[in-house]
Asker: 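Got a structure for you, questions after.
One is the number of the first residue; the rest follow in order along the sequence.
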Amino acid sequence: IHSGGAWLSERLERDLQLQGRVGSISSSMYRDDFAKRGLAASLPTDIPFDINGAQVILVDDVLYTGRTIRAVLNELFDYGRPARVQLMVLVDRAGRQLPFAADFAAAQAGLAPENSLNLTKNADGSLQFSLTTLKTREASHAE
């Protein structure tokens, strides 16, 4: 899943020698919170293999509300009907708004809703998480 999941998939593709079996999928065209988020910068979907009957593992950095997963599943089914879809994430955090669960998660984190956990890719290709606290609507009006 673009972008954090795509970075992780690139690493898995290289380390596990999965050339030709890894793609990238965007959630931007199926977001149901477009009015709130706007159009996020995203690469177009690139799936270099047949989805029909395939075993698909979606890879993402953080599973939070489930909205990205819902959007990605809609995009995925535009390309065919997989036999099975599983979800792998680095961090599974509390706060689900939709009924999705990760099949594989490296860590679980209970973060407050005003916290945002973001994976970034550094110039040298290394990945790094950052934790930020978002201003609440009331706090921003008080300033």
Side-chain angles (χ1 to χ4, degrees), residues 1-140:
I1 300 171
H2 184 78
S3 61
W7 298 332
L8 297 169
S9 293
E10 288 171 2
R11 175 73 183 264
L12 290 170
E13 180 180 25
R14 185 181 69 239
D15 291 353
L16 300 175
Q17 300 176 2
L18 299 172
Q19 286 72 23
R21 297 172 47 198
V22 175
S24 179
I25 192 164
S26 170
S27 66
S28 62
M29 298 307 292
Y30 286 95
R31 296 293 309 199
D32 65 354
D33 55 356
F34 174 79
K36 181 178 176 184
R37 292 175 50 115
L39 186 60
S42 180
L43 296 175
T45 294
D46 176 28
I47 301 175
F49 51 87
D50 187 12
I51 290 294
N52 290 303
Q55 302 284 329
V56 175
I57 298 176
L58 295 173
V59 179
D60 205 4
D61 51 357
V62 179
L63 175 58
Y64 179 34
T65 64
R67 294 190 178 285
T68 297
I69 303 307
R70 186 208 54 82
V72 163
L73 286 171
N74 285 344
E75 175 81 3
L76 182 67
F77 277 82
D78 282 351
Y79 287 81
R81 184 170 185 221
R84 182 176 186 179
V85 178
Q86 293 179 294
L87 177 61
M88 176 190 305
V89 298
L90 272 183
V91 179
D92 185 351
R93 62 175 286 189
R96 214 76 78 239
Q97 296 173 356
L98 299 171
F100 291 105
D103 296 287
F104 313 98
Q108 293 185 339
L111 301 172
E114 64 272 9
N115 289 331
S116 178
L117 186 60
N118 301 297
L119 187 67
T120 56
K121 187 174 184 179
N122 300 317
D124 66 359
S126 64
L127 301 176
Q128 175 181 333
F129 269 113
S130 62
L131 179 65
T132 57
T133 301
L134 307 173
K135 291 182 180 182
T136 62
R137 188 170 283 169
E138 294 155 7
S140 65

Asker: When you compare the side chain of Y79 with that of I25, does any pair of heavy atoms fall below 4.5 Å?
Answerer: no
Asker: Mind checking the CG-CG spacing from L119 to L8? Nearest 0.5 Å is all I need.
Answerer: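 The CG atom of L8 is 6.0 Å from CG of L119, to the nearest 0.5 Å.
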Asker: Give a yes or no answer on whether the side chain of N52 reaches the backbone of R81 with a donor-acceptor pair at less than 3.5 Å.
Answerer: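 Judged by distance alone, yes, a pair lies under 3.5 Å.
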Asker: Is any side-chain heavy atom of L87 closer than 4.5 Å to a side-chain heavy atom of L63?
Answerer: yes
Asker: In sequence, state the C-alpha distance, the side-chain angles, and the governing distance for L90 and L127, and then conclude on side chain to side chain contact (heavy atoms under 4.5 Å, CB included).
Answerer: CA-CA 12 Å; L90 272 183; L127 301 176; 5.8 Å; no
Asker: Compare all side-chain heavy atoms of V22 with those of E10 and state whether any distance is below 4.5 angstrom.
Answerer: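 No, too far: nothing below the 4.5 Å cut-off.
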Asker: What pair of heavy atoms forms the shortest contact from A105 to D92, and how long is it?
Answerer: CB-CB, 4.1 Å
Asker: For atom CD of Q17, is the number of surrounding heavy atoms from other residues, nucleotides or ligands below 6.0 Å larger than 12?
Answerer: no
Asker: Among I1, T45, I47, exactly one meets side chain to side chain contact (heavy atoms under 4.5 Å, CB included) together with E75. Which residue is that?
Answerer: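 Exactly one candidate clears the test, T45.
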Asker: Under 6.0 Å from the CZ atom of R21, do we count more than 12 heavy atoms belonging to anything else shown?
Answerer: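 Check fails, neighbour count at 12 or below.
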Asker: So, for A83 and Q55, which heavy atoms are closest and what is the spacing to 0.1 Å?
Answerer: CB-NE2, 3.9 Å
Asker: Indicate yes or no for a side-chain donor-acceptor contact from D124 to the backbone of S126 under 3.5 Å, with no hydrogens or angles considered.
Answerer: yes
Asker: Roughly how far, to the nearest 0.5 Å, is CG of L76 from CG of L58?
Answerer: 6.0 Å
Asker: Distance from T133 atom OG1 to N115 atom CG, nearest 0.5 Å?
Answerer: 4.5 Å
Asker: Is there side-chain contact between V62 and T68, with at least one heavy-atom pair below 4.5 Å?
Answerer: no
Asker: Out of curiosity, Q97 CD to R70 CZ, how far, rounded to the nearest 0.5 Å?
Answerer: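 So the gap between those two atoms works out to 11.5 Å.
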Asker: How about I57 and D103: do any of their side-chain heavy atoms sit closer than 4.5 Å?
Answerer: no
Asker: So, the side chain of R67 versus the backbone of L98: is there a donor-acceptor pair under 3.5 Å, distance only?
Answerer: no
Asker: Should D60 and V72 count as side-chain neighbours, where that means a heavy-atom distance under 4.5 Å?
Answerer: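 Side-chain contact under 4.5 Å: no.
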Asker: Search all heavy atoms of S27 against all heavy atoms of A71 and return the closest pair with its distance.
Answerer: O-CB, 3.6 Å
Asker: What is the minimum heavy-atom distance between P113 and R93, and which atoms define it?
Answerer: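 Smallest interatomic distance, heavy atoms only, reads CA-NH2, 4.2 Å.
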Asker: Can you tell me how far CG of L18 sits from CD of E13, rounded to the nearest 0.5 angstrom?
Answerer: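 Interatomic distance, E13 CD to L18 CG, rounded to 0.5 Å: 6.5 Å.
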Asker: If you look at every heavy atom in R96 and Y64, which pair is closest and at what distance?
Answerer: NH1-O, 2.8 Å
Asker: List the atom of M88, the atom of L12, and the distance in Å for their closest heavy-atom pair.
Answerer: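 Result for this residue pair: SD-CD1, 4.2 Å.
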Asker: Could you state the interatomic distance from CD (Q19) to CZ (R14), rounded to the nearest 0.5 Å?
Answerer: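 One finds 10.5 Å between CD of Q19 and CZ of R14.
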